[in-house]
**Q** 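Pasting a structure below so you can have a look.
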Amino acid sequence: MSTRSAFLAAGVAIAAAIFLLRPASDLSRDLGEAVADMILANATIYTADPAMPFAEAMAVRAGRVLRVGGYYSVKELKGRHTMELNLSGNVVLPGFIDSHVHFIDGGLQLARVPLRGVTSKDDFINRVKEAVKDKHPGQWIFGGGWNNDFWGGDYPTAAWLDDISPDNPVWLSRMDGHMRIANSLAMRMAGINKNTNNPVGGTIMRTTEGEPTGLLVDAAMKLVFDVISEVSIHERRDALLRASRHALMRGVTTVVDVGSYFPGKSEKQVWQDFTDIYEWAHSVETMIMRVCLFFPMPTWSRVYDLIHEKGWMLSQWIHLGGVKAFLDGSLGSSSALFYEHYKDDPRSYGLQLVDMDYLLNTTLELDKSGLQIAIHAIGDKANDMLLDMYEKVVDLNGMKDHRFRIEHAQHLAPGAAKRFGKHGIIASVQPDHILDDANSAGKKIGIEQAERSSYSFRSLLDGGAHLAFGSDWPVSDINPLQAIRTAVSRKPVGWEVPWIPAERLSLDDSLKAHTISAAYACFLDHVLGSLSEGKYADFVILPSTSWNEFGSDITDHVLATYVNGKQAYP
């Protein structure tokens, strides 16, 4: 057992003891059991607990699950002031855990130019034009979510923006976060011109004459980030509340926030968000859902010191997870690292964003210190390089409860899926990226390779990997029910047949990937992820009134979201 696992196990034992120490006034008349604050009755409860997969009733007390089972068993815990909620068969699920978000960025994006789903150049330009109307000269125009594949594949250029925003710098993120478009004013402010060299790990896209087009990829984005004023503390605190309400509306009660940290962006912002937003929200008791925080790998010693000072949990709301790094970029920005060249750019195999010797040596130290490691890898070569490295770490540090994570694990070489299972590596994947890539992956890497290597969820599970579902919000919207539907059907909008049907998952596997497996993936399965006695009473109620109804037509919304047994949405 790892040091961390032992620490958590001890914490569970202490929590259980505290939970059982109740005043005599709280005991039921005849059983010596605590009286429930609330009972869910006549429900279809999916627990995600193999010991009791389904139940019809659940009792909650002091924010925890007190008992799950048949109604008459649970009814024994009813007291004079117990609220009983008769659900008439409605389906209840554990609160969803989103395993990969950029939470503050998502909250900020909700108040910026929305470009997700734009299907034409004219619509793209018009949305920016509308945003400019409300700005004073010199104010930045921010936005994101655009996907050039939705309008035929042509990338936007600065020329699209210059006429409509001559006095406002513009900075708009592609949906994957690995490419952004700047107008000419923003490039002048950043000092980007024909003579500017590509930074290590990044690309300045250029015309045939060598002039910058306005598109910056991965580390090249730092050139513009460096001249943008910081977002105010007030805006960022508002973003946390906005993001939390949006997530709760979708049934998400816990997120793994990997921070505002991208290639080309300073690690400083993640730590500012921790101190200015999360620690502040903790101190004034305004958190309304749970977060597990990951920090940039280069700052790992600071994470280590923080955990030794404060422990793994600042409170029931804020958990300290580990560190994150990037190995490559993204498919849509042609910066994911592959063995074979891109079909639309024979000179490019993608980008390697970090030196492997540094990554190995740092990971060895991190693993010895007990910190969890999550590393971004999308291309098949990047995933193999990361699997090789994790195997070296196990060989050198020995077997223990590492719970290494690979974020995205999007394209895998033959045999790679089984290698995940060998060391219990977690594949932190995003099903809804299928909706973006199914129509474009073949153009990028060839149809044969795309259908052989992409989003290999079934192969990963069969190979023994742990699957954890997430959204990568704001890259994709935070919407677990849609992600589950995508993993089960693998049918993008307008498709009659599934994309790579052999990789479809069952409903049960998909639900677990967004609940108990997602909790396991961030060392929180002792308190979250299933509706089991003693765990937090985080759950969602669906409009489906039977399991058969839910299974045959996965709903797209929740009726209500509860955190700590209290209604948090609507």
**Q** Would you check, one step at a time, whether the test side chain to side chain donor-acceptor pair (under 3.5 Å) holds for D437 with W499?
**A** CA-CA 10 Å; D437 287 348; W499 187 47; over 6 Å; no
**Q** Would you say that I288 contacts K566 through its side chain, given a criterion of any heavy-atom pair below 4.5 Å between the two side chains?
**A** no
**Q** Hey, does the side chain of R504 reach the backbone of R490 with a donor-acceptor pair shorter than 3.5 angstrom?
**A** no
**Q** Side chains of D432 and S476: do they bring a donor and an acceptor to under 3.5 Å?
**A** no
**Q** Test side-chain contact (heavy atoms from CB on, under 4.5 Å) on L240 and M287; report intermediate values, then the result.
**A** CA-CA 9 Å; L240 173 62; M287 292 294 296; 4.1 Å; yes
**Q** Quick one: does F457's side chain get under 4.5 Å of L467's, heavy atoms only?
**A** yes
**Q** Counting C-beta onward and ignoring hydrogens, is there a side-chain heavy-atom pair between W171 and L216 closer than 4.5 Å?
**A** yes
**Q** Does the Y390 side chain pair with the main chain of R405, one donor and one acceptor, at a distance under 3.5 Å?
**A** yes
**Q** Within the distance-only criterion (no hydrogens, no angle test), does the side chain of T515 pair as donor or acceptor with the backbone N or O of L511 below 3.5 angstrom?
**A** yes
**Q** For the residue pair F294 and V270, what are the closest heavy atoms and their distance?
**A** O-CG1, 4.1 Å
**Q** With rounding to the nearest 0.5 Å, note down the distance linking CE in M175 to CH2 in W146.
**A** 10.5 Å
**Q** Under 3.5 Å, is there a donor-acceptor pair between the side chain of R127 and the main chain of V113?
**A** no
**Q** Does D477 have any side chain to side chain contact (heavy atoms under 4.5 Å, CB included) partners at least two apart in sequence or in another chain, and if so, which?
**A** R116, H246, R250, W473
**Q** Assess the pair Y261 and F326: is the distance between their ring centroids shorter than 6.0 Å?
**A** yes
**Q** Any chance you could measure L248, atom CG, to I478, atom CD1, to the nearest 0.5 Å?
**A** 9.0 Å
**Q** Please step through side-chain contact (heavy atoms from CB on, under 4.5 Å) for the pair E407 and D472, ending with a clear verdict.
**A** CA-CA 10 Å; E407 304 301 309; D472 204 8; over 6 Å; no
**Q** To the closest 0.5 Å, what do you measure between CG (L215) and CG (N148)?
**A** 8.5 Å
**Q** Which pair of heavy atoms, one from V475 and one from G177, lies closest together, and at what distance?
**A** CG2-N, 4.4 Å
**Q** Regarding E340 and Y349, do their side chains bring together a donor and an acceptor under 3.5 Å, going by distance alone?
**A** no
**Q** Return yes if some donor-acceptor pair links the side-chain N/O of H376 with the main-chain N/O of G329 below 3.5 Å, else return no.
**A** yes
**Q** What closest approach, in Å, do C522 and V256 show between heavy atoms, and which atom pair accounts for it?
**A** SG-CG2, 4.0 Å
**Q** How would you list, by chain and number, every residue that makes a side chain to side chain contact (heavy atoms under 4.5 Å, CB included) with H466, sequence neighbours excluded?
**A** I426, Y520
**Q** Look at the side chain of T254 and the backbone N and O of V291, then say whether any donor-acceptor pair between them is shorter than 3.5 Å.
**A** no
**Q** To the nearest 0.5 angstrom, please state how far the CG atom of N86 sits from the CG atom of N90.
**A** 9.5 Å
**Q** Between R458 and D509 (salt bridge meaning N to carboxylate O under 4.0 Å), is one present in this structure?
**A** yes
**Q** Within the 4.5 Å heavy-atom criterion, are V91 and T44 side-chain neighbours or not?
**A** yes
**Q** Ignoring hydrogens, what is the shortest heavy-atom contact between L353 and D328? Give both atom names and the distance.
**A** CD1-O, 3.1 Å
**Q** H402 vs F404 aromatic rings, parallel, tilted or perpendicular, using cut-offs 30° and 60°?
**A** parallel
**Q** Regarding S334 and D345, is there a side-chain donor-to-acceptor distance under 3.5 Å anywhere?
**A** no
**Q** Should the pair D384-R419 be classified as a salt bridge under the 4.0 Å nitrogen-to-oxygen rule?
**A** yes
**Q** Quick one: are S530 and T47 in side-chain contact, heavy atoms under 4.5 Å?
**A** no
**Q** Do the side chain of H341 and the main chain of S348 share a donor and acceptor less than 3.5 angstrom apart?
**A** no
**Q** Without swapping roles, check the side chain of H423 against the backbone of F420 for a donor-acceptor pair under 3.5 Å.
**A** no
**Q** With a cut-off of under 6.0 Å to the ring centre and 45° to the axis, is R403 in cation-pi contact with F523?
**A** yes
**Q** Identify whether the distance between the nearest side-chain nitrogen and carboxylate oxygen of R174 and D149 falls below 4.0 Å.
**A** yes
**Q** Q269: what forms a side chain to side chain contact (heavy atoms under 4.5 Å, CB included) with it, not counting sequence neighbours?
**A** R236, S260, Q272, D273
**Q** Please find the pair of heavy atoms, one from T486 and one from P431, that lie closest to each other, and give the distance.
**A** CG2-O, 3.4 Å
**Q** Look at the side chain of S333 and the backbone N and O of S335, then say whether any donor-acceptor pair between them is shorter than 3.5 Å.
**A** no
**Q** Does F274 reach the side chain of L320, with side-chain heavy atoms less than 4.5 Å apart?
**A** yes
**Q** What I want to check is whether the side chains of E84 and Y71 have a donor and an acceptor closer together than 3.5 Å.
**A** yes
**Q** Could you tell me the separation between the CD1 atom of I97 and the CZ atom of F469, rounded to the nearest 0.5 Å?
**A** 13.5 Å
**Q** When rounded to the nearest 0.5 angstrom, what distance separates CG in L542 from OG1 in T555?
**A** 6.5 Å
**Q** Between D380 (side chain only) and Y339 (backbone N and O only), is there a donor and an acceptor less than 3.5 Å apart?
**A** yes
**Q** Could you tell me if the side chain of L327 sits less than 4.5 Å from the side chain of M389, heavy atoms only?
**A** no
**Q** Over all heavy atoms of both residues, which pair between L108 and A239 is shortest? Give the atoms and the distance, please.
**A** N-CB, 3.6 Å
**Q** Is the number of heavy atoms from other residues, nucleotides or ligands within 6.0 Å of CZ (R245) greater than 12?
**A** no
**Q** Check whether any side-chain heavy atom of L93 lies under 4.5 Å from a side-chain heavy atom of F550, and answer yes or no.
**A** yes
**Q** Listed by chain and number, what are the side chain to side chain contact (heavy atoms under 4.5 Å, CB included) partners of F54, not counting sequence neighbours?
**A** Y46, W547
**Q** Does K381 have more than 12 heavy atoms from other residues, nucleotides or ligands lying within 6.0 Å of its NZ?
**A** no
**Q** Suppose we screen for ring pair (Phe, Tyr, Trp, His ring centres under 6.0 Å). Which residues come up paired with H411, at least two apart in sequence or across chains?
**A** F338
**Q** Using ring pair (Phe, Tyr, Trp, His ring centres under 6.0 Å) as the criterion, list what pairs up with W160, not counting sequence neighbours.
**A** F124, W151
